[in-house]
Amino acid sequence: MTSASRPTDPSTARRALRREIPSSAAVLADEQDFTAMLRYPTFPFDDHRSYLRQVETLLRSLAAQGVLTTLSLFDPAAYEKYCADLALDPDRPDSRSRYTAEVARTGATLTYQGEPLTELLPLLVEEADRQATWDHASGVLARAGSCEECGEDLARAAFARATQALQDLLASLGDGTHHLVCSVAAGEPSLLAVLHATSGDGARLRLAESETLVFCTVLAAGFALRSPGGLVSRTTAPAATGDDTHDTVRGWTLGDSWPRPLGAAEVFTAYCTDADTGEPIPPEHGVDYAPGLPLTPPPDPHSH
């Protein structure tokens with residue numbers, strides 16, 4: 001910007017400056033969280049739908065001014081603890097503002113780019129769940145300690161094995177769109193990570209970096225603690241004839257700090273059983289239940 005083009009009017013300069021100062025907003029995504037805030041008389045809303053409309057109007061207004069806004073989730077329970085820790089009155093707008101700034105700095109966020117909140121909020125909830133899972137898994141790994149015999153960092157070694165296992169698994173699955181789920185029994189709640197990957201036609205494997213990091217961390221936690229756990233893959237690929245697609249489900253158990261393949265019958269039983277009730281679930285049409293693929297484990301120097 002040349003001196004000739006710089007705004008000289010103070011109000012124009014302030015508007016230009018406003019576009020360079022980012023904003024943040026924390027949203028009460030569901031009805032239950034919104035209801036929890038009704039306990040505070042200074043909270044200025046009484047209807048969740050109306051509240052979300054007002055939030056979206058504000059976000060659109062800021063975007064129209066060229067202001068970048070990061071969006072996070074407002075957690076009433078975490079807010080109450082935050083206020084208690086800092087001796088703040090939770091029934092004050094400035095306390096809510098301070099909490100919003102804090103979660104924008106430390107919590108899961110997405111950048112608002114004009115999408116309807118109905119589209120953005122589920123993505124934000126997913127991102128928050130992913131970060132919570134990563135925090136939990138990282139804490140589990142941190143407690144793994146060092147090998148008593150050689151002193152090696154067990155968490156670092158487990159993460160390296162998890163990365164290798166994921167690479168081998170994706171290479172073995174081949175072309176297609178893969179939906180992977182890793183579950184590990186590591187306290188309450190159990191660890192659960194999801195990863196989507198696509199490969200085919202000689203193109204480079206496509207993975208989301210954040211999903212991959214969380215997935216490997218959860219898998220590493222299972223390896224480090226030798227906790228019970230499992231892996232399931234669901235691959236969608238073009239059928240041998242025609243343009244239809246079919247899905248193939250495979251499974252592995254996390255025995256001996258490495259994915260061990262399940263047989264087709266075990267995969268069918270695991271996938272077609274309700275985890276909460278133990279009751280059978282009808283198999284899906286067009287889905288093949290196949291054995292897990294064997295993966296060659298690297299040497300485990302900590303198998304003693």
Side-chain angles (χ1 to χ4, degrees), residues 10-11 13-140 142-143 187-192 210 214:
S11 61
R14 282 195 298 270
R15 286 195 296 271
L17 180 61
R18 181 68 185 96
R19 289 194 293 271
E20 299 187 20
I21 299 177
S23 182
S24 60
V27 183
L28 295 156
D30 60 48
E31 188 79 38
Q32 182 177 352
D33 285 346
F34 178 84
T35 301
M37 293 301 292
L38 296 180
R39 76 184 76 173
Y40 303 120
T42 60
F43 184 68
F45 301 97
D46 56 15
D47 177 78
H48 189 227
R49 289 185 180 181
S50 174
Y51 159 80
L52 291 179
R53 285 196 298 269
Q54 294 284 349
V55 170
E56 186 164 338
T57 298
L58 174 61
L59 292 173
R60 290 185 182 278
S61 173
L62 290 171
Q65 299 172 47
V67 177
L68 180 71
T69 303
T70 55
L71 202 61
S72 56
L73 293 177
F74 196 107
D75 183 337
Y79 171 64
E80 186 175 13
K81 183 178 184 303
Y82 173 81
C83 290
D85 290 344
L86 297 182
L88 300 175
D89 180 358
D91 192 20
R92 288 181 58 91
D94 57 339
S95 298
R96 294 193 287 271
S97 179
R98 287 183 61 173
Y99 173 75
T100 295
E102 178 68 14
V103 294
R105 184 178 67 85
T106 62
T109 62
L110 291 177
T111 301
Y112 179 74
Q113 296 178 322
E115 313 94 324
L117 276 184
T118 52
E119 295 179 9
L120 193 58
L121 287 182
L123 299 178
L124 185 58
V125 171
E126 284 183 13
E127 184 64 26
D129 288 344
R130 196 157 35 239
Q131 179 166 319
T133 297
W134 185 81
D135 288 342
H136 184 186
S138 297
V140 169
R143 296 194 294 272
E188 288 295 334
S190 297
L191 291 169
L192 183 71
S210 59
V214 174

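What you see is a predicted model; the values in this text were computed from it and never measured. The analysis underlying the following values was restricted to heavy atoms, covering all of them including side chains, and did not include hydrogens, waters or symmetry mates.
Side chains of L71 and L59 form a contact here, defined as non-hydrogen atoms less than 4.5 Å apart. Residues L73 and V125 meet the side-chain proximity criterion, which asks for heavy atoms closer than 4.5 Å. Between E80 and P90, every side-chain heavy-atom pair lies at or beyond the 4.5 Å cut-off.
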- Task: Apply side chain to side chain contact (heavy atoms under 4.5 Å, CB included) to the pair S95 and Y82, showing each step before the final yes or no.
- Result: CA-CA 9 Å; S95 298; Y82 173 81; over 6 Å; no
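The existence of a salt bridge linking E102 and R98 is excluded, since no basic side-chain nitrogen approaches an acidic carboxylate oxygen closer than 4.0 Å. At a threshold of 4.0 Å, the pair E127-R130 counts as salt-bridged, since one of the basic side-chain nitrogens sits closer than that to a carboxylate oxygen.
To the nearest 0.5 Å, atoms NE2 (H48) and CG (D33) are separated by 8.0 Å. Note: D129 CG to L124 CG = 9.5 Å, rounded to the nearest 0.5 Å. From D94, atom CG reaches atom OG1 of T100 across 11.5 Å, with rounding to the nearest 0.5 Å. Between the CD atom in E115 and the CZ atom in R60 there is a gap of 9.0 Å [rounded to 0.5 Å]. Taking NE2 from H136 and CG from L192, the interatomic distance works out to 12.0 Å, rounded to the nearest 0.5 Å.
The shortest non-hydrogen separation linking A108 to S72 is O-CB, 3.5 Å. Contact detail for D75 and A77: the closest heavy-atom pair is OD1-N, 3.0 Å. In terms of heavy atoms, M37 sits closest to R96 at CE-CD, 3.8 Å. The minimum heavy-atom distance between L28 and L52, with the atom names listed, is O-CD2, 3.9 Å.
Between Y99 and F74, the ring center distance clears the sub-6.0 Å criterion.
For Q32, the CD atom sits in a loose shell: 12 or fewer heavy atoms of surrounding residues, nucleotides or ligands are nearer than 6.0 Å. The number of heavy-atom neighbours closer than 6.0 Å to CG of D46, taken from other residues, nucleotides and ligands shown, is 12 or below.
Residues T42 and D91 have side chains that bring a donor and an acceptor to within less than 3.5 angstrom of each other.
Side-chain atoms of E56 come within 3.5 Å of backbone N or O of L117 as a donor-acceptor pair. Put simply, the side chain of Y112 never gets that close to the backbone of A25: no donor and acceptor are under 3.5 Å apart. Here the side chain of T57 pairs a donor or acceptor atom with the backbone of R53 at under 3.5 angstrom. With D89 contributing its side chain and R92 its backbone, the two residues share no donor-acceptor pair below 3.5 Å. A donor-acceptor pair is defined here as one N or O able to donate and one able to accept, closer than 3.5 Å; no such pair exists between the side chain of Q131 and the backbone of T109.
Ring planes of F34 and F43: perpendicular class, angle over 60° (limits at 30 and 60°).
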